[in-house]
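Not measured: the values here are computed from a predicted model. Throughout, a chain's letter reflects where its sequence line sits, starting with A, and its residues are numbered from 1.
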Protein chains: 2
Amino acid sequence: MADADAIEILKRKKLKHTKQRIRVLEDFLANATAISQPMLEKKLGKEIDRVTLYRILNTYVNKGILHRIVDLNGTANYAICSSACSADQHHDEHVHFNCTNCYKVYCLATKVPAISITDGFKADSISLIAYGICKECN
Amino acid sequence: MADADAIEILKRKKLKHTKQRIRVLEDFLANATAISQPMLEKKLGKEIDRVTLYRILNTYVNKGILHRIVDLNGTANYAICSSACSADQHHDEHVHFNCTNCYKVYCLATKVPAISITDGFKADSISLIAYGICKECN
DNA sequence: AGATAGATGCAATTCAATTGCATTAATATT
DNA sequence: AATATTAATGCAATTGAATTGCATCTATCT
């Protein structure tokens, strides 16, 4: 069952495994696609309080379980990290696609290319988002 | 004077040159750096109504005068486009840097590398944002 | 089982952004 | 130059995402 996977991840990250955290994590494990907070909230209904959901998502981002993608509207979207991600560093980042029509965010297979950063700036992570029309809207 | 430049640009884009539009455009011409809507609003004080400012910024993005960079917080930042930008296409895009400490957005000299997009997706523009500690905060 | 540290839920609040509508200003027309 | 037309502005109200404080509850540790 998916429960086991979720609990396993929480243990590894030294997080208490509450009903709510398991519920959210399971959802991400079941769907490889990115989802926005508002959509996730709608999906969960009254299972989890809005504030709790925000806090869980933040915790997961900080622990390297989820990555956050801010879309065109400035709304946070979340997707599960590759196993290589840790609390300190988010590795192996891929390109995201943000549809200008339906606003959905996709994780593409394309990896973010290495870039050179101007002297004096210290980059921790890089986000590459392509904007356009997605497969579904085409 | 800067006024002339701003009016020239507005003419070229077939936009009415109102006092407010000139004021905003001048500001961007004088400062090559990106600025957020809230900061710009604070800077302008009561010179321009908040809603008008939002509308001017949107118009400028649509006409290819400014480009919009959504930062970590989901807040819109704006910077002047290269001369190559048009209403239809934003060309010649460069890498942006978003400081995780002061939240400022910088336009770096580095160009966004070409990437291959998964079949079925049609990318119109690409945004590459590096997150980390900026020159000032270091 | 009891202690304790941390997570949750609720109410209230902040802050960015948008909408509707009346007013005003800029261009076009005569 | 005055008027008509079209678009931009300003104000009030509203939406929607995200955050904070605080009381309550729950998972882990002893």
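Taking every heavy atom of both residues into account, B:C134 and B:C99 meet most closely at N-SG, 3.5 Å. Residues A:K16 and A:L10 share a closest heavy-atom pair of O-CD1, 4.4 Å. Nearest heavy atoms, B:L15 versus B:R21: CB-NH1, 3.8 Å. Summarising the geometry of B:F97 relative to A:F121, their closest heavy-atom pair is CD2-CD2, 3.4 Å, with the distance given to 0.1 Å.
We find that NZ of B:K13 is positioned 17 Å from P of C:dT27, with the value rounded to whole Å. A straight line from CG of A:D49 to C1' of D:dA18 spans 13 Å, rounded to a whole angstrom. When the P atom of D:dA27 is taken as reference, atom NZ of A:K19 falls 8 Å away, rounded to whole Å. When the C1' atom of C:dA25 is taken as reference, atom CD1 of B:I22 falls 12 Å away, rounded to whole Å. Atom CD1 in B:I7 sits about 11 Å away from atom P in C:dA26, given to the nearest Å. Atom-to-atom, NZ of B:K14 to C1' of D:dA7 comes out at 16 Å; the value is rounded to the nearest Å. Rounded to an integer number of Å, the gap from CE of B:M39 to C1' of C:dC15 is 13 Å. Atom pair B:L40:CG and C:dC15:P shows a separation of 18 Å (rounding to whole Å applied).
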request  = Going 5' to 3' through nucleotides 16-23 of chain C, assign each nucleotide B (protein heavy atom under 4.0 Å from a base atom), S (under 4.0 Å only from sugar-phosphate atoms) or - (no protein heavy atom that close).
outcome  = SBBBB---
request  = Can you check each nucleotide of nucleotides 1-7 of chain C against protein heavy atoms at under 4.0 Å and return B for base, S for sugar-phosphate only, - for none, in 5' to 3' order?
outcome  = ----BSS
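The overall bend of the helix from C:dA1-D:dT30 to C:dT30-D:dA1, read as the angle between its terminal helix axes built from five base pairs each, is 30° when rounded to 10 degrees.
Tested against B:F28, the residues B:I65, B:L40, B:T33 include a single side-chain contact (heavy atoms from CB on, under 4.5 Å) partner, B:L40.
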key: Criterion salt bridge (charged side-chain N to carboxylate O under 4.0 Å, His left out) on A:E47 and A:R23, from CA distance to verdict   = CA-CA 9 Å; A:E47 287 185 73; A:R23 178 70 185 81; 2.9 Å; yes
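Close to C:dA25, at under 4.0 Å from its OP1 or OP2, lies no side-chain N or O of B:H17.
A single hydrophobic cluster is seen to contain both A:V112 and A:Y106, as judged by linkage of ILVMFWY side chains at heavy-atom distances under 4.5 Å, directly or through other members. No continuous path of hydrophobic side-chain contacts links A:I133 to B:I117 [ILVMFWY only; heavy atoms under 4.5 Å]. In the hydrophobic cluster analysis, where Ile, Leu, Val, Met, Phe, Trp and Tyr join through side-chain heavy atoms closer than 4.5 angstrom, B:V70 is grouped apart from B:L53. Linking ILVMFWY side-chain heavy atoms closer than 4.5 Å, directly or via other members, places B:V24 and B:V61 in a single hydrophobic cluster.
Within the 4.5 Å cutoff, the side chain of B:I7 has heavy atoms near those of the B:I22 side chain.
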